[in-house]
Amino acid sequence: MTESVILVSGANGEIGHGLIQALATLSGTPPILALDLNELSSTLQPLVKYSVQGDILDARLLARLNEQYRFDSVFHLAAILSSQAERIPEAAHRINVEGTLNLLQLASEQAQRYGRNVPFLFPSSIAVYGIPDLQTKRSLPPLQEDQHNLPGTMYGCNKLYGELLGRFYSHPAVPEPKLDFRVIRFPGIISAQTEPVGGSTDYLPQMLHAAHAGKPYTAFVRADTQLPFITMPDATRALIRLWQAEKSLLQKQVYNINGWNCSAAEFAAKVREHYANAQIDFQADPLRQRIVDSWPTSLDDRVAREEWGWRAEHDLDAAFAAYFLPSLRGASQPTST
Ligand code: AKB
């Protein structure tokens, strides 16, 4: 019989690391099939049953996976992040939109083939918001899901359209079995295990990891830049909780979550409390500053709280005390993803 697996695309990325480690602690879940362009990291290899190196744009590869496996659920994490997407917009569109379409189609075919709705988890982003200027950004309350959905970046457009594509494949008018499409809009995520590459929220995790490594760090944004952030354990808890939520509890498909909000200077001060010799300065990169200035200071996550009991465990203080410091001080060097 065809084996049932959880497909994780973009498994080598930061969320992939956090999610696979978290899924591996659950009992009674199907084994993981990790899909990534690169060879799966040695940290993750013991945690997955199957590891496939390949491209989500490769139709032949996806057809083979469709024949060989039965997808219990799909976590589609593969993406080109915002700063990199701005530099190579057409390539980003191919991965972020065509790649997403391919996986949505694959999961829909699986739903038909095996006669069962297939949960499809899609990490979206604060990038789907587009705030016209800094003055407006500073005046706004935490944004709800349907406010300011006019992104100005390729990545933001890709993520917003990915949400719409998922809606299309899971629309009430589409007969079952079909996709059970669920989305979390993530703030910037900070992992103590891995370092991000290519995102516009990278300045806080990079600042933390540089301080821990005893290296100087120049942030690529102004010191007063404010965004929402969350820890990786909270991010993966949210994904798993939404995945496991009873369908009858969910009125929506797209949910904001929020951890804490702070400026780059506030985070730097916190880093210095724990790493007294940390050398941090700020030199705004115009492209990346423009991107983060168009993103909200804070997200309103009331709907996620009410419908599926979401609640971040870490605010800024708890993030340092209960996660960053214990993890960093108990570990070796972070992995770049
Ligand atoms: C990025 O900076 O591109 C990502 C995101 C906000 O989705 N971290």
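Since we're looking at a predicted model, the values are computed, not measured. First listed ligand is number 1; within each ligand, the first listed atom is number 1.
Heavy-atom contacts of Ile126 reach the following atoms of ligand 1: 6 (C) (cutoff under 4.0 Å). Ligand-side atoms of ligand 1 in range of Gly199: 1 (C), 2 (O), 3 (O), range being under 4.0 angstrom from any heavy atom. When each atom of ligand 1 is checked for a heavy atom of Tyr155 under 4.0 Å away, the hits are 3 (O), 5 (C), 7 (O).
Any N or O atom pair closer than 3.5 Å counts here, and Ser200 shares at least one such pair with ligand 1. The shortest N or O to N or O distance between Trp295 and ligand 1 is not under 3.5 Å.
Residue contacts with ligand 1 leave out Phe186, since none of its heavy atoms falls under 4.0 Å from the ligand. Contact between Ala127 and ligand 1 is absent, with no heavy atom of the residue lying under 4.0 Å from the ligand.
The CZ atom of Phe229 lies 10.0 Å from the CD1 atom of Ile189; values are rounded to the nearest 0.5 Å. With rounding to the nearest 0.5 angstrom, the CG atom of Leu7 is 11.5 Å from the CG atom of Leu121. Separating the OG1 atom in Thr2 from the CD atom in Gln68 is a distance of 10.0 Å, to the nearest 0.5 Å.
Of the charged side-chain nitrogens involved, none lies within less than 4.0 Å of a carboxylate oxygen, so that Arg64 and Glu67 do not count as a salt-bridged pair.
Counting heavy atoms closer than 4.0 Å to ligand 1, residue Asp202 contributes nothing at all.
Taking the six-membered ring where tryptophan is involved, the planes of Phe267 and Phe324 are perpendicular, since the angle between them exceeds 60° and thus also 30°.
Within a 6.0 Å radius of OH in Tyr114, more than 12 heavy atoms belonging to other residues, nucleotides or ligands are found. For Arg116, the CZ atom sits in a packed shell: over 12 heavy atoms of surrounding residues, nucleotides or ligands are nearer than 6.0 Å.
From the protein, the heavy atom lying nearest to atom 3 (O) of ligand 1 is Ser82 OG, 2.5 Å. Among protein heavy atoms, atom 8 (N) of ligand 1 sits closest to Thr201 OG1, 2.9 Å.
For the pair Tyr323 (side chain) and Thr231 (backbone), a donor-acceptor distance under 3.5 Å is absent.
When Gly156, Pro187, Ser125 are ranked by how near their heavy atoms come to atom 6 (C) of ligand 1, first place goes to Ser125.
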